Amino acid sequence: MTMPMPTASKSRKAEISEGLTKSLKREEKVLEIVDVSLPDGFGVGKEEGFVYFVPGAVAGDIVRIGIRKRDRRFSVGDILEIIRPSSHRAQPFCGHFGSCGGCTLQHIAYDRQLEIKENHLRQALARIGGVDLESVEIAPIVPAPHQQWGRNNIELSFGRGKSGLVLGLRERAAPGKSYEGKVVPLSQCPAFSTAIDSIVPVVSEYFNRSGLTPYDPGRKKGILKHLLLRESKSTGRIMAVLETAPGPIISLSALWHELRERVPRLGCFYRAVSKGSVDTGLYDYEEHLFGAASIEESVAGLTFHIYPQSFFQANTAVAELLYESVLEVARLGKGDKVLGLYSGMGPLEIILSRNARRVTGVDSNPANIINARLNCQVNDIMNCVFIEGKVEQLKSRLPSGPDLLVIDPPRGGVSPQGLSLAVSLNPSKFIYISCNPSTLARDIGLLRGSGYRPVKILPFDAFPHTSHLETLVLLETGGPF
């Protein structure tokens, strides 16, 4: 005969079950969001000196959060409820916002985005660069003329989805979660161009039929890496570059014709090959397959031919405002000599050449140098020359004593050797253009120690709805602060 289980045992089981339920339930907390962290764009709340990062929160929000991760320095929480929304909160205009890693600030009103970026720049200059903000003229940030459709290029990644190959941007990283680098399929990209709407489904469907697989950098398997799209904002013409790992692929003729039917303004098509598993942004070689060899962009009344590896400012309208400001603060005379380091395909150097006696541009990418020389020919520029090589290795080939030295380095800034070389050239005026406030502040701190002080700082919002900021700094001799 089976004996009934004692009541006490049943009660104990209930207690254990209830205890497990409580232990699995996340801790909740009500917070006021007081700041937004850059570059990730997460809301920041504080309680008794302890910091909480809250993805999707806006300064001024009062939110109820569930704690996802906690350690000694900070916690990460997810929004469970917005109790009182911030007056700075905005409705994101892109359906991919939040999952796609492209934009991070669409949920914040645009004027508030500018304030956040300007404050971030000031903090970096003071904290990292040791700049006395009261002793330098810092202009208000110049807003982007177009808050949407302003970017002139985008690099899409191939990846695997539930139903096969997908094409889009990498997922957004989030604190407290392991980053897997998954590709978020795109159906639109208001930061770039309406052409995405037609190009992505055609390319995705074509390669799903082809049997070609996305490249896996971990396993070093597969072939399809990226699809680079560049759009001329003055003509509307589009360039497509299919980047692959080495190896034979199917004919792309049918894809070209199918794309042309859907997007008649697609003007040229390349295949590029990169051998390494690390994404460097450079190609080992490229093959022009269909259409014209380049697209043309117009800036400051000049025409620039753009090729697959051409380095050109990503926001054409802001680039024009930036270049106009360089001309204004440089105050060049017709007898002045200009040296431009990290010149890319030379748009700024060519623009400056119209106000100077002689301009020399330097870049390490041979494709940029060929492109820059062609752009001189296209615009009948005779007083501008370009030298290929790394800045740190070219001292004997560079003109000494330039009246103006312009540096426009990549996000990592300039190496100490490069800065030392720049200072040794003894320029009368120094213009530094940066897309990274942290490395800009670091390098300004080093230049201050060499006798160059910042006298004017002009920030530009070249990348609306992201944490990125383009900044122009004029430095002159006069001793360190």
Side-chain angles (χ1 to χ4, degrees), residues 121 124-131 136 276 278-282 309-313 326 330 336-349 352 358-372 384-455 457 468-481:
L121 173 64
L125 290 169
R127 179 172 51 85
I128 302 173
V131 175
V136 59
V278 178
D279 185 12
T280 64
L282 297 176
Q309 296 196 68
S310 300
F311 173 75
F312 188 73
Q313 289 284 347
V326 171
D336 286 345
K337 296 179 296 179
V338 178
L339 174 61
L341 306 182
Y342 309 95
S343 63
M345 51 175 268
L348 179 54
E349 285 72 18
L352 289 171
R358 184 172 178 81
V359 178
T360 303
V362 177
D363 198 271
S364 61
N365 186 341
N368 277 329
I369 296 300
I370 294 171
N371 195 174
C384 195
V385 297
F386 289 90
I387 301 173
E388 177 194 336
K390 291 186 176 180
V391 170
E392 296 84 352
Q393 301 170 359
L394 288 175
K395 183 174 182 178
S396 62
R397 298 176 60 191
L398 299 181
S400 60
D403 299 286
L404 173 65
L405 174 63
V406 179
I407 293 185
D408 187 1
R411 286 188 60 78
V414 186
S415 69
Q417 298 90 340
L419 284 177
S420 177
L421 170 62
V423 170
S424 72
L425 297 172
N426 194 31
S428 303
K429 286 176 288 192
F430 200 133
I431 286 179
Y432 191 126
I433 299 171
S434 170
C435 59
N436 186 338
S438 297
T439 55
L440 168 67
R442 179 201 67 197
D443 290 350
I444 285 181
L446 294 173
L447 289 169
R448 286 174 56 246
S450 299
Y452 285 89
R453 62 187 183 90
V455 295
I457 298 175
H468 301 300
L469 183 65
E470 202 78 18
T471 307
L472 184 164
V473 181
L474 172 67
L475 304 102
E476 295 180 349
T477 55
F481 288 150

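What you are looking at is a predicted structure, and each value in this text was computed from that prediction instead of being measured. Because only heavy atoms are used, hydrogens play no part in the values below, and waters and symmetry mates are left out as well, while side chains stay in.
Atom CG of D443 sits about 10.5 Å away from atom CD1 of I128, to the nearest 0.5 Å. Annotation: the span from K337 atom NZ to R358 atom CZ amounts to 10.0 Å, rounded to 0.5 Å. The distance from the CD1 atom of I433 to the CG atom of L474 is 11.0 Å, given to the nearest 0.5 Å. Atom CG of L440 sits about 6.0 Å away from atom OH of Y432, to the nearest 0.5 Å. One finds the CG atom of L125 at 7.5 Å from the OG1 atom of T471 (value rounded to the nearest 0.5 Å). Annotation: the span from R453 atom CZ to L475 atom CG amounts to 9.5 Å, rounded to 0.5 Å.
For the residue pair M345 and F311, the shortest heavy atom distance occurs at CG-O, 3.1 Å. Summarising the geometry of L405 relative to P427, their closest heavy-atom pair is CB-CB, 3.7 Å, with the distance given to 0.1 Å. E349 and G361 make their closest contact through CG-CA, 4.1 Å (heavy atoms, listed as atom of the first residue, atom of the second, distance). Residues A441 and A124 come closest through the heavy atom pair CB-O, 3.2 Å. The two residues L121 and P437 come nearest to each other via the heavy atoms CD1-CB, 4.0 Å. Taking each heavy atom of L425 and P402 in turn, the nearest pair found is O-CD, 3.4 Å.
Applying the side chain to side chain donor-acceptor pair (under 3.5 Å) test to every pair with at least one member in residues 410-428, sequence neighbours left out, gives these pairs: E392-S415, R411-H468, S415-Q417. Sequence neighbours left out, not one pair with a member in residues 393-428 passes ring-ring contact (aromatic ring centres under 6.0 Å, His included). Annotation: ring-ring contact (aromatic ring centres under 6.0 Å, His included) contacts involving residues 387-427, sequence neighbours excluded, are absent.
Applying the side-chain contact (heavy atoms from CB on, under 4.5 Å) rule to R127 yields no partners; only residues at least two apart in sequence or on another chain are considered. With sequence neighbours excluded, no residue forms a side-chain hydrogen bond (donor to acceptor under 3.5 Å, both in side chains) with R397. Partners of V423 by side-chain contact (heavy atoms from CB on, under 4.5 Å), not counting sequence neighbours, listed by chain and number: L447, S450, Y452. Shown here are the ring-ring contact (aromatic ring centres under 6.0 Å, His included) partners of F386, two or more places apart in sequence or in another chain: there are none. The side-chain hydrogen bond (donor to acceptor under 3.5 Å, both in side chains) test applied to E470 returns Q313, not counting sequence neighbours. With sequence neighbours left out, S310 forms a side-chain hydrogen bond (donor to acceptor under 3.5 Å, both in side chains) with N371. Residues passing the side-chain contact (heavy atoms from CB on, under 4.5 Å) test with E388, sequence neighbours excluded: P366, I369. Residues that satisfy the side-chain contact (heavy atoms from CB on, under 4.5 Å) test with D336, not counting sequence neighbours, are L332, D403.
At a threshold of 4.5 Å between non-hydrogen side-chain atoms, the residues V473 and S434 do not count as touching. With a 4.5 Å cut-off on side-chain heavy atoms, V414 and V391 do not count as touching. Inter-residue side-chain proximity for V326 and I431 is flagged as met; some heavy-atom pair is nearer than 4.5 Å. Here the side chains of F430 and T477 are not in contact, with every heavy-atom distance at 4.5 Å or above.
Between the T360 side chain and the L339 main chain, no donor and acceptor come within less than 3.5 Å of each other. Listed for the R448 side chain is no donor-acceptor partner under 3.5 Å among the backbone atoms of V131.
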